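Take a look at the structure set out below.
Not measured: the values here are computed from a predicted model. Note: hydrogens, waters and symmetry copies are ignored here, and every other heavy atom, side chains too, is used.
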Protein chains: 2
Amino acid sequence: MARLSFREQVLRVREDAIVTAVNRLLAEKGFDLMTVDEVAGEVGIAKASLYKHFSSKEALAAAAMVRLMERTLAVVEQQRARTETSAVQRLEAVTRWALQLQLAGEMPSLPSQNSSLRAELLAHQTYLDLLVRVSDHLGAWIVQAQAEGDLDNSFPPEVVLYTVFARACDPVPGFLKASGQHSDEQIVDWVLAVCMNGLRGGTKPAAKSLPQAAAV
Amino acid sequence: MARLSFREQVLRVREDAIVTAVNRLLAEKGFDLMTVDEVAGEVGIAKASLYKHFSSKEALAAAAMVRLMERTLAVVEQQRARTETSAVQRLEAVTRWALQLQLAGEMPSLPSQNSSLRAELLAHQTYLDLLVRVSDHLGAWIVQAQAEGDLDNSFPPEVVLYTVFARACDPVPGFLKASGQHSDEQIVDWVLAVCMNGLRGGTKPAAKSLPQAAAV
DNA sequence: GTCTATAGCCAGATAGAC
DNA sequence: GTCTATCTGGCTATAGAC
């Protein structure tokens with residue numbers, strides 16, 4: 001890795017701050033309601049300066065999604081290194097992390113209907129590459145978990161994969177949090193339990209199951 | 001019910017056509033990307049004429065949501081009349097209907113973040129009344145199903161209710177449909193199975209005994 | 001109530017000085 | 001690369017004739 005000049009480091013730090021602001025605003029208001037003025041205001045620079053770093057609002061969103069995928073891949077790799085855990089446990093750990101990220105207000109969400117945004121993402125090689133790597137790892141765990149009887153093997157792997165991905169934009173945690181009656185940890189446990197129980201299906205009997213938690 | 005004059009009937013039919021167009025466009029593009037010009041174009045009238053019927057874009061969306069709630073309540077009442085079915089079966093039937101509606105491209109979706117839209121809906125007495133009636137019926141079924149052992153009673157009823165409601169905007173059916181490899185019926189079966197299996201429960205998530213993924 | 005035409009506004013993007 | 005100031009287009013909403 002070549003050393004960066006001082007100016008390049010400053011550039012990096014600034015762009016990092018921009019992406020952080022975009023990430024937060026995307027999580028808070030979504031793409032359509034986020035304005036470029038807000039991003040500039042949060043970073044503390046002029047809007048025109050933003051456009052020296054990113055060529056469009058869509059490019060800003062894409063940069064935030066790239067960072068999300070990098071973070072996700074890091075979590076996946078971390079779980080991959082934990083050789084003592086089963087495939088379904090790794091899958092569950094990554095899903096738990098995603099739910100925690102969402103409840104923390106750091107999960108950027110994009111409208112899947114916006115076509116200009118879709119085009120930008122589908123043309124973004126780095127993003128696509130990261131997405132494929134994450135999907136491949138998760139997909140391998142899914143197939144393995146199905147073979148081990150930990151996930152219902154009557155579901156096509158893509159059904160399981162999409163279901164796991166969809167936890168990133170699940171509205172249920174937000175609703176439960178808005179009711180103000182439960183801790184974040186409790187909310188994550190419930191949503192994760194619904195998700196994993198649903199994917200486990202009827203395949204797996206009690207052989208490997210944990211002791212039943214007492215009903216609360 | 002008073003008889004309607006001819007002019008009033010014409011008005012009804014026209015407004016019905018407007019709401020139908022709004023409903024379809026909300027399902028296709030969502031609130032932000034839907035323009036009032038498009039609605040007028042689809043109905044075949046001038047935009048100014050639209051504003052004689054509905055005072056704002058938000059009011060248009062609210063009207064579509066009222067119709068959705070009316071349709072939902074009708075389905076709920078229909079299930080309520082089927083005395084031979086159990087509570088969990090009725091809950092599943094309503095959820096299935098919602099998934100089918102979504103796959104048919106007739107499920108309007110609103111951004112929960114838009115504040116002006118939220119305000120309009122929360123001030124709309126008819127909408128709120130319908131929402132409460134639907135929630136009450138579903139809530140009663142949930143409690144009953146938990147008592148009968150058909151749903152995991154360690155989940156608070158609101159967790160179950162929100163999970164069922166969230167199927168209306170679940171992105172998984174759309175992703176599976178986009179892959180083009182499965183029939184709508186098959187997709188509904190899978191998503192519904194994941195949902196109901198998850199709520200039925202039986203075992204607790206394994207990851208609860210695992211160390212949490214470190215923040216990255 | 002329907003239309004054409006337009007007002008008013010806001011947000012994305014750019015020009016040009018420094 | 002940063003700024004201020006401005007352009008541009010598209011959208012909601014309305015005026016006013018018929």
Would you indicate whether the side-chain heavy atoms of Leu99(A) and Met107(A) approach each other to under 4.5 Å?
-> no

N-O pairing of Arg80(A) and Glu77(A) below 4.0 Å = yes

Which two nucleotides bound the region of DNA chain C that has atoms under 4.0 Å from heavy atoms of chain B, read 5' to 3'?
-> dG1(C) to dT4(C)

Taking NZ, NE, NH1 and NH2 as the nitrogens, is one of them in Arg133(B) or Asp136(B) under 4.0 Å from a carboxylate oxygen of the other?
-> no

Tightest non-hydrogen contact, residues Pro108(B) and Leu68(B), listed as CG-CD2, 4.0 Å

Nearest whole angstrom, please: distance from the C1' of dC11(D) to the NZ of Lys29(B).
-> 13 Å

Taking OP1 and OP2 of dA13(D), is either one under 4.0 Å from a side-chain nitrogen or oxygen of Tyr51(B)?
-> yes

Sugar-phosphate, base or nothing in reach of Ser55(B), heavy atoms under 4.0 Å | nothing

Whole-Å distance, Leu33(A) CG to dC11(D) P, equals 16 Å

Taking every non-hydrogen atom, the tightest pair across Leu110(A) and Ala61(A) = CD2-CB, 4.1 Å

To the nearest angstrom, the CD-P distance between Glu38(B) and dC11(D) comes to 8 Å

In Å and rounded to the nearest 0.5 Å, what is the CZ to CD distance from Arg67(B) to Glu15(B)?
-> 11.0 Å

Between Lys52(A) and Met34(A), which is nearer to the 5' end of DNA chain C once each is assigned its nearest nucleotide?
-> Met34(A)

Touch class at under 4.0 angstrom, heavy-atom based, for Arg7(B) against every strand present | sugar-phosphate

Which part of the nucleic acid, if any, lies within reach of Ser49(B) when heavy atoms closer than 4.0 Å are counted: base, sugar-phosphate only, or nothing?
-> base

Hey, could you give me the CG/CG distance between Asn197(A) and Asp152(A), rounded to the nearest 0.5 Å?
-> 12.0 Å

Take the protein atom CZ of Phe54(B) and the nucleotide atom C1' of dT12(D), then report the distance between them rounded to whole Å.
-> 16 Å

Contacts of Asp37(A) and Ala46(B) projected onto DNA chain C by closest heavy atom; the upstream (5') one is Ala46(B)

Measure across Ala87(B) and Trp141(B) and return the closest heavy-atom pair with its distance rounded to 0.1 Å.
-> CB-O, 3.4 Å

Residue that, paired with Val160(A), satisfies side-chain contact (heavy atoms from CB on, under 4.5 Å) out of Val143(A), Leu138(A), Leu151(A) | Leu151(A)

Note, DNA chain C 5' to 3' with Watson-Crick or G-U pairs under 3.5 Å encoded as ( ), [ ], | and . gives ||||||||||||||||||

